Amino acid sequence: VLGDRVEHTGGEGEAATRKKVGDIVLVINHHGLLPIRVAIEAKAGQVARKELLRQVREGVKNRSAVCGIGLMERKHMGVRTSVVEREDENHIVGVDWKNDDFLALEIVYRTLRIQLINDQLRDNGEAEIDVDTLKKGLAQIKSDLGLFQSMKGNATNAISVMDNLRTQLGVLERKLRTDL
């Protein structure tokens with residue numbers, strides 16, 4: 001939609017080392033600017049946060065990117081961990097592969113895109129975005145996203161309780177009919 005490009009690079013070795021770290025490279029394109037590369041390391045299974053960050057940093061270096069995003073299963077992030085975390089220039093984002101829930105990634109991508117384009121425009125001496133306003137907006141989005149994830153979990157639990165109640169009512173109804 002925004003003219004950017006996604007390159008699936010995980011199976012390809014890079015340069016003389018032939019390292020394969022950096023599963024995806026997001027190439028951000030903006031009129032009048034050089035392409036901006038963002039390395040993405042995606043993990044479907046359980047991975048330690050420190051290990052994912054190490055791989056993201058290596059992927060950034062390996063794929064000649066300016067920053068990176070590490071994707072991990074939200075269920076493996078822990079209760080006190082935010083669904084979006086920032087470490088230096090890199091981000092860790094919780095996603096739900098099974099339910100195709102990538103809202104947090106979409107938010108990080110769009111805000112990171114604005115920030116990176118603004119950085120290049122500023123470096124070129126061109127107009128820039130109000131960074132303070134952007135940072136406040138990002139903080140609010142991160143807070144709202146945490147609340148959203150919590151509410152979504154509560155809704156899932158409520159659905160489960162209702163399903164169990166319906167099953168128990170069915171069992172009781174069948175028992176009552178049998179007893180009658």
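This is a predicted model, so every value here is computed, not measured.
No path of Ile, Leu, Val, Met, Phe, Trp and Tyr side chains, each step under 4.5 Å between heavy atoms, connects Val56 with Val66, placing them in separate hydrophobic clusters. Criterion: ILVMFWY side-chain heavy atoms under 4.5 Å apart, direct or through other members. Under it, Ile107 and Ile24 are part of a common hydrophobic cluster. Cluster membership for Val108 and Leu2, using ILVMFWY side-chain heavy atoms within less than 4.5 angstrom, is shared. Residues Val27 and Val60 do not share a hydrophobic cluster, clusters being chains of Ile/Leu/Val/Met/Phe/Trp/Tyr side chains in contact below 4.5 Å. Connection of Val171 to Val161 is not established within any shared hydrophobic cluster, with ILVMFWY side chains joined at heavy-atom distances below 4.5 Å, either directly or through further cluster members.
With salt bridges taken as basic N to acidic carboxylate O contacts below 4.0 Å, none links Asp163 and Arg166. A salt bridge does not link Lys43 with Glu51: none of the charged nitrogens is closer than 4.0 Å to a carboxylate oxygen.
Atom CG of residue Leu145 and atom CD1 of residue Ile141 lie 9.0 Å apart, to the nearest 0.5 angstrom. To the nearest 0.5 Å, the span separating CD on Gln149 from OG on Ser82 amounts to 9.0 Å. With rounding to the nearest 0.5 angstrom, the CD1 atom of Ile159 is 12.0 Å from the CG atom of Asn164. Note that CG of Leu26 and OG1 of Thr9 are 11.0 Å apart. Values are rounded to the nearest 0.5 Å. Leu53 CG to Arg49 CZ: the interatomic distance, rounded to the nearest 0.5 Å, is 5.0 Å. For the atom pair CG of Leu71 and CG of Asp23, the computed distance is 8.5 Å after rounding to the nearest 0.5 Å.
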Quiz prompt | Verdict with supporting geometry, His76 and Val47, side-chain contact (heavy atoms from CB on, under 4.5 Å) | solution = CA-CA 8 Å; His76 297 308; Val47 62; over 6 Å; no
Quiz item: Passes side-chain contact (heavy atoms from CB on, under 4.5 Å), Ile36 versus Asp4? Steps please.
Solution: CA-CA 9 Å; Ile36 305 167; Asp4 298 339; over 6 Å; no
Practice problem: Report the C-alpha distance between Val93 and Val83 in whole Å, list the side-chain angles of each, state the deciding distance to 0.1 Å, and finish with yes or no for side-chain contact (heavy atoms from CB on, under 4.5 Å). | Solution: CA-CA 6 Å; Val93 179; Val83 71; 5.6 Å; no
Exercise. Evaluate side-chain contact (heavy atoms from CB on, under 4.5 Å) for Val38 paired with Arg113, printing each intermediate quantity in order.
Key: CA-CA 9 Å; Val38 177; Arg113 183 180 197 281; over 6 Å; no
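A donor-acceptor contact under 3.5 angstrom links the side chains of Asn99 and Asp96, judged on distance only. Inspection of the Asp144 and Gln140 side chains reveals an N or O donor paired with an N or O acceptor under 3.5 Å.
The nearest pair of heavy atoms linking Trp97 to Ala44 is NE1-CA, 3.4 Å. Ala65 and Ala39 make their closest contact through CB-N, 3.5 Å (heavy atoms, listed as atom of the first residue, atom of the second, distance). Nearest heavy atom pair, residue Gln120 against residue Pro35, reads NE2-O, 4.5 Å.
Residues Val84 and Ile92 are not in side-chain contact: their nearest non-hydrogen atoms beyond the backbone lie 4.5 Å or more apart. Using a 4.5 Å heavy-atom cutoff, the side chains of Gln46 and Lys75 are not in contact. Annotation: side chain of Arg57 is in contact with side chain of Asn90 (closest heavy-atom distance under 4.5 Å). Contact annotation: the side chain of His91 never approaches that of Glu85 to less than 4.5 Å [non-hydrogen atoms, C-beta and beyond]. Looking at Val25 and Val6, their side chains never come closer than 4.5 Å, going by heavy atoms from C-beta outward. With contacts defined as side-chain heavy-atom distances shorter than 4.5 Å, the pair Leu147/Ser143 does not qualify. For the pair Glu7/Arg37, a side-chain contact is recorded, criterion being any heavy-atom separation below 4.5 Å from C-beta on.
Counting only distance, with no hydrogens or angles, the side chain of Arg86 and the backbone of Asp88 share a donor-acceptor pair below 3.5 Å. Remark: the backbone N or O of Gly3 is paired with a side-chain donor or acceptor of Asn29 at under 3.5 angstrom. Between the side chain of Arg5 and the backbone N or O of Ile28, no donor-acceptor pair lies under 3.5 Å.
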